Participant: 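Mind having a look at this structure? Questions to follow.
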Amino acid sequence: MEILAITVIVLLFIYLYRKMRKTYSVFETLKIPGPKPVWILGNIHEFKDEDKLSMFKVWRKQYGDVYGFYEGFKPSVVVCDPELSRLILVKHFEKFHIRPIYNPFLYYPDEYSLLNEHGTRWKTQRKAVVAAFNSLPIHNVSERLCETTAEFTDMLSDAAFQFTDGFDIGRIVDRYTLDAFAHAAFDYKVNSMRDENATLYQFMKVFNESSSADNPVAGLARVYDSLVPFLQLFDTKHKSTHIQHIHELRELIEKRQKQGQQPVIDNVIDYLLFTKITDTNNKNQQRHLTVEEIVAHLNSITGGGFGTTNAALSFVLHQLTVNQDVQEKLFQEIKHNCGLFDNPDVANIHKMKYLDNVINETLRILPCAPGVARTCTEDCTINGVEFRKGMVLRIMLCPLYADDTIYPSPEQFKPERFDDEEKNMRHPNSFLPFGQGPRICPGYRIALILMKIAIVFIIRQFVLKPCEKTKDPLPTALRPMLVPRDGVYVKLQLRNNNMLST
Ligand code: HEM
């Protein structure tokens with residue numbers, strides 16, 4: 001009996017040893033360099049610094065533009081080579097069209113969302129969502145944006161009078177962004193600027209906390225898939241707010257459905273309700289989207305836009321606060337193109353090159369999306385690098401943004417880097433704030449117009465000044481996008497525009 005037990009233990013030990021050896025020899029076999037893994041953890045224990053992204057910069061210096069590391073048992077290839085990233089995201093898209101799930105805790109109907117779908121279903125659904133955004137009449141969108149932004153600047157005026165020593169503008173920006181986006185895209189008033197308990201705002205906050213890199217439960221679930229059913233038991237707050245949030249979205253969609261098709265479709269919800277898609281499961285018949293599919297899209301587009309757009313806008317306001325010369329130059333451009341009082345005209349906004357540069361330079365120094373991820377769907381070799389089916393690819397952009405051979409003195413905030421002459425000297429893939437190829441961010445146009453209108457309104461009315469609590473460089477956290485960690489502190493001084501306009 002004893003001999004049998006010992007034999008079983010020895011065999012089990014040999015089996016586990018061989019399995020581990022095989023698991024952690026993938027990169028050795030493929031001749032891809034990288035840090036040495038330890039069993040079970042892989043290399044995740046090396047992300048111990050508060051700044052989780054710094055490891056990618058350190059590894060790039062050690063191992064070059066393409067290297068491998070292990071997320072637990074999973075081999076991940078990191079790509080920092082701009083040309084290879086273009087081939088992956090565009091030319092060989094079909095082999096890398098899946099995005100690994102970034103929030104491990106999904107609840108019905110999250111699986112239908114653009115963020116998580118793949119294959120033919122993703123293609124059909126994505127076509128409908130992109131068409132919905134492209135069909136938005138720009139005039140109605142900008143009018144609704146200006147309406148919410150005027151409310152926002154009223155709130156900022158109150159805050160400027162109340163907190164003369166400065167305040168965290170990021171807290172108001174978060175709620176403004178959600179209100180402005182929902183009003184512009186869905187013609188839906190969330191009103192979280194006035195009511196912090198608004199369901200959509202509360203859900204977005206909890207959703208981001210649940211998938212934050214600081215959340216150890218989500219971190220474990222992301223690395224060890226098999227533990228998800230168990231770890232999900234701890235995701236109670238996200239689950240309960242998700243149920244309420246989905247219920248409200250369903251009610252909103254059903255209300256619009258009852259109102260019937262309007263003569264002019266001017267929002268994403270109505271477009272998705274009344275458009276038809278090709279049903280590949282049913283002999284390519286045309287059909288309407290189901291309410292559950294629309295719920296999933298509204299959820300993923302607000303999820304994709306919240307956490308990114310608000311962080312980006314807060315980052316811009318921070319950079320303008322600590323770079324007074326840039327703020328003054330931008331004010332002059334705004335005054336010249338939009339005047340000081342009327343609602344800004346979208347055509348004039350598009351003319352403002354310096355504003356564009358300021359946003360780009362902010363997204364370089366503080367990239368709210370520091371990388372793009374894909375899963376490889378078949379064994380292949382691209383530019384001499386061998387990829388295996390099932391491998392995760394992390395196209396890390398933040399190390400490129402801090403590379404002094406691409407961006408000299410990278411720590412300096414210099415919007416002029418994005419002047420055409422300088423920009424054209426760089427590889428186009430050395431700056432990809434919204435991803436690239438067929439899976440590029442579908443919300444980038446509305447995100448940019450929202451940010452630009454907000455900046456025009458703010459800079460025309462106030463001078464942003466540093467206060468005692470302003471920190472430069474700004475501390476950041478991955479939640480799961482790069483966001484300000486401890487707020488964005490500024491002091492607002494009202495401009496005397498009546499004098500300026502004369
Ligand atoms: C500054 C603001 C934003 C940034 C920096 C940003 C960035 C990104 C990035 C890097 C991706 C991945 C692209 C890829 O895999 O190639 C993405 C995807 C996505 N974004 Fe955005 N985004 C922003 C705003 C928005 C907004 C306002 C929306 C709402 C429409 C949105 C919705 C989405 C969705 C649904 C996806 C997934 C698309 C798919 O997989 O087909 N994003 N975004």
Side-chain angles (χ1 to χ4, degrees), residues 79 85-86 88-90 93 96-103 110-134 136 141 145 173-174 176-186 204 267-269 271-272 294 296-316 356 358-360 362-375 392-398 401 429 431-455 480-483:
V79 174
S85 76
R86 188 189 66 80
I88 290 166
L89 294 172
V90 184
F93 174 74
F96 301 96
H97 80 277
I98 299 181
R99 176 177 309 110
I101 285 183
Y102 88 126
N103 184 352
D110 285 347
E111 59 271 33
Y112 295 142
S113 100
L114 278 195
L115 292 166
N116 305 320
E117 275 283 14
H118 52 85
T120 322
R121 271 197 59 90
W122 167 77
K123 254 188 208 160
T124 320
Q125 301 283 333
R126 163 123 187 162
K127 211 168 139 193
V129 172
V130 170
F133 274 98
N134 288 346
L136 287 176
V141 169
L145 281 176
V173 167
D174 283 356
Y176 155 72
T177 311
L178 187 63
D179 289 6
F181 177 71
H183 190 202
F186 306 152
M204 284 302 149
N267 67 80
V268 167
I269 300 183
Y271 186 94
L272 293 178
I294 301 176
H297 293 324
L298 299 194
N299 200 16
S300 73
I301 54 193
T302 3
F306 187 78
T308 45
T309 318
N310 48 330
L313 181 54
S314 285
F315 287 152
V316 172
D356 225 35
V358 167
I359 294 176
N360 285 338
T362 303
L363 290 174
R364 179 191 70 80
I365 289 199
L366 294 162
C368 41
V372 175
R374 292 285 187 272
T375 302
V392 169
L393 262 92
R394 301 211 173 269
I395 296 174
M396 290 312 294
L397 297 154
C398 52
Y401 299 165
N429 278 45
F431 185 64
L432 293 181
F434 297 100
Q436 189 184 32
R439 229 174 162 149
I440 190 173
C441 172
Y444 78 93
R445 283 198 194 89
I446 195 159
L448 286 174
I449 193 76
L450 185 155
M451 287 201 281
K452 288 179 179 182
I453 288 185
I455 296 165
M481 297 296 156
L482 195 74
V483 298

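Just follow the structure's listing: the first ligand is 1, and inside any ligand the first atom is 1. Not measured: the values here are computed from a predicted model.
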Participant: Run the side-chain contact (heavy atoms from CB on, under 4.5 Å) test on Val358 and Ile455 for me, step by step, so that the C-alpha distance in whole Å, both residues' side-chain angles and the decisive distance to 0.1 Å come before the verdict.
Facilitator: CA-CA 11 Å; Val358 167; Ile455 296 165; 5.9 Å; no
Participant: Would Glu117 count as a contact residue for ligand 1, given that I'm defining contact as a non-hydrogen atom of the residue lying under 4.0 Å from a ligand atom?
Facilitator: no
Participant: How many angstroms lie between CD1 in Ile365 and OH in Tyr401, if you round to the nearest 0.5 Å?
Facilitator: 12.5 Å
Participant: For the pair Phe181 and Phe133, name the ring-plane relationship: parallel under 30°, tilted 30 to 60°, perpendicular over 60°.
Facilitator: parallel
Participant: Could you state the interatomic distance from CG (Asn267) to CG (Leu272), rounded to the nearest 0.5 Å?
Facilitator: 9.0 Å
Participant: Give a yes or no on whether the backbone of Asp110 and the side-chain of Asn116 come within a donor-acceptor separation of less than 3.5 Å.
Facilitator: yes
Participant: Taking all heavy atoms of Leu482 and all of Pro367, pick out the closest pair and write down the distance.
Facilitator: CB-O, 3.2 Å
Participant: Provide, to 0.1 Å, the distance between atom 21 (Fe) of ligand 1 and the closest protein heavy atom, together with that atom's residue and name.
Facilitator: Cys441 SG, 2.3 Å
Participant: If you count the atoms of ligand 1 from 1 in the order shown, which ones are under 4.0 Å from a heavy atom of Gln436?
Facilitator: 16 (O)
Participant: Just which atoms of ligand 1 are under 4.0 Å from any heavy atom in Ala369?
Facilitator: 10 (C)
Participant: What are the two closest heavy atoms between Ala311 and Cys368, and how far apart are they?
Facilitator: CB-CB, 4.2 Å
Participant: Return a yes/no value for Tyr444: is any of its N or O atoms, backbone included, closer than 3.5 angstrom to an N or O of ligand 1?
Facilitator: no
Participant: Supply the atom-to-atom distance Asn103 CG to Leu115 CG, rounded to the nearest 0.5 angstrom.
Facilitator: 9.5 Å
Participant: Using a 4.0 Å cutoff against the non-hydrogen atoms of Leu114, which atoms of ligand 1 qualify?
Facilitator: 39 (C), 40 (O)
Participant: Suppose we measure from atom 29 (C) of ligand 1 to each protein heavy atom; which comes out shortest, and what is that distance?
Facilitator: Ile301 O, 3.2 Å
Participant: Looking at atom 16 (O) of ligand 1, what's its closest protein heavy atom, distance included?
Facilitator: Arg374 NH2, 2.9 Å
Participant: Which atoms of ligand 1 have any heavy atom of Ala447 under 4.0 Å away?
Facilitator: 2 (C), 24 (C), 27 (C)
Participant: Going by the order shown, which atoms of ligand 1 are within less than 4.0 Å of some heavy atom of Arg126?
Facilitator: 38 (C), 39 (C), 41 (O)
Participant: To check your reading of the model: name the closest protein heavy atom to atom 19 (C) of ligand 1, its residue, and the distance in Å.
Facilitator: Pro442 CD, 3.6 Å
Participant: Which value, rounded to the nearest 0.5 Å, describes the distance between Leu89 atom CG and Leu393 atom CG?
Facilitator: 9.0 Å
Participant: Non-hydrogen atoms of Phe133 versus ligand 1: any pair closer than 4.0 Å?
Facilitator: yes
Participant: So is there a nitrogen or oxygen of Ser300 less than 3.5 Å from a nitrogen or oxygen in ligand 1?
Facilitator: no
Participant: What's the shortest heavy-atom distance between His297 and Gln125, and which atoms?
Facilitator: NE2-OE1, 2.6 Å
Participant: Counting non-hydrogen protein atoms only, what is the nearest one to atom 7 (C) of ligand 1? Give residue, atom name and distance.
Facilitator: Pro433 O, 3.7 Å
Participant: Quick check: does Arg439 get an N/O under 3.5 Å from an N/O on ligand 1?
Facilitator: yes
Participant: Considering non-hydrogen atoms of the protein only, which is the closest contact for atom 23 (C) of ligand 1, and what is the distance?
Facilitator: Thr308 OG1, 3.4 Å
Participant: Look only at interatomic distance and state if Cys368 has a nitrogen or oxygen under 3.5 Å from any nitrogen or oxygen of ligand 1.
Facilitator: no
Participant: On a heavy-atom basis, which atom in Arg99 and which in Ala373 lie closest, and how many Å separate them?
Facilitator: CG-O, 3.7 Å
Participant: List the closest protein heavy-atom neighbour of atom 12 (C) of ligand 1: residue, atom name, distance to the nearest 0.1 Å.
Facilitator: Arg99 NH2, 3.7 Å
Participant: Heavy atoms only: which of Leu115, Ile98, Thr309 is nearest to atom 2 (C) of ligand 1?
Facilitator: Thr309
Participant: Can you measure from CG (Asn310) to CE (Met451) and round to the nearest 0.5 angstrom?
Facilitator: 10.0 Å
Participant: Taking the side chain from Arg439 and the backbone from His97, do they hold a donor-acceptor pair closer than 3.5 Å?
Facilitator: yes
Participant: Could you check whether any heavy atom of Phe434 sits closer than 4.0 Å to an atom of ligand 1, since that is the contact criterion I want to use?
Facilitator: yes
Participant: Would you mind listing which atoms of ligand 1 come within a distance below 4.0 Å of any non-hydrogen atom of Val372?
Facilitator: 14 (C), 15 (O), 16 (O)
Participant: For atom 26 (C) of ligand 1, what is the closest protein heavy atom, and at what distance to 0.1 Å?
Facilitator: Gly305 CA, 3.2 Å
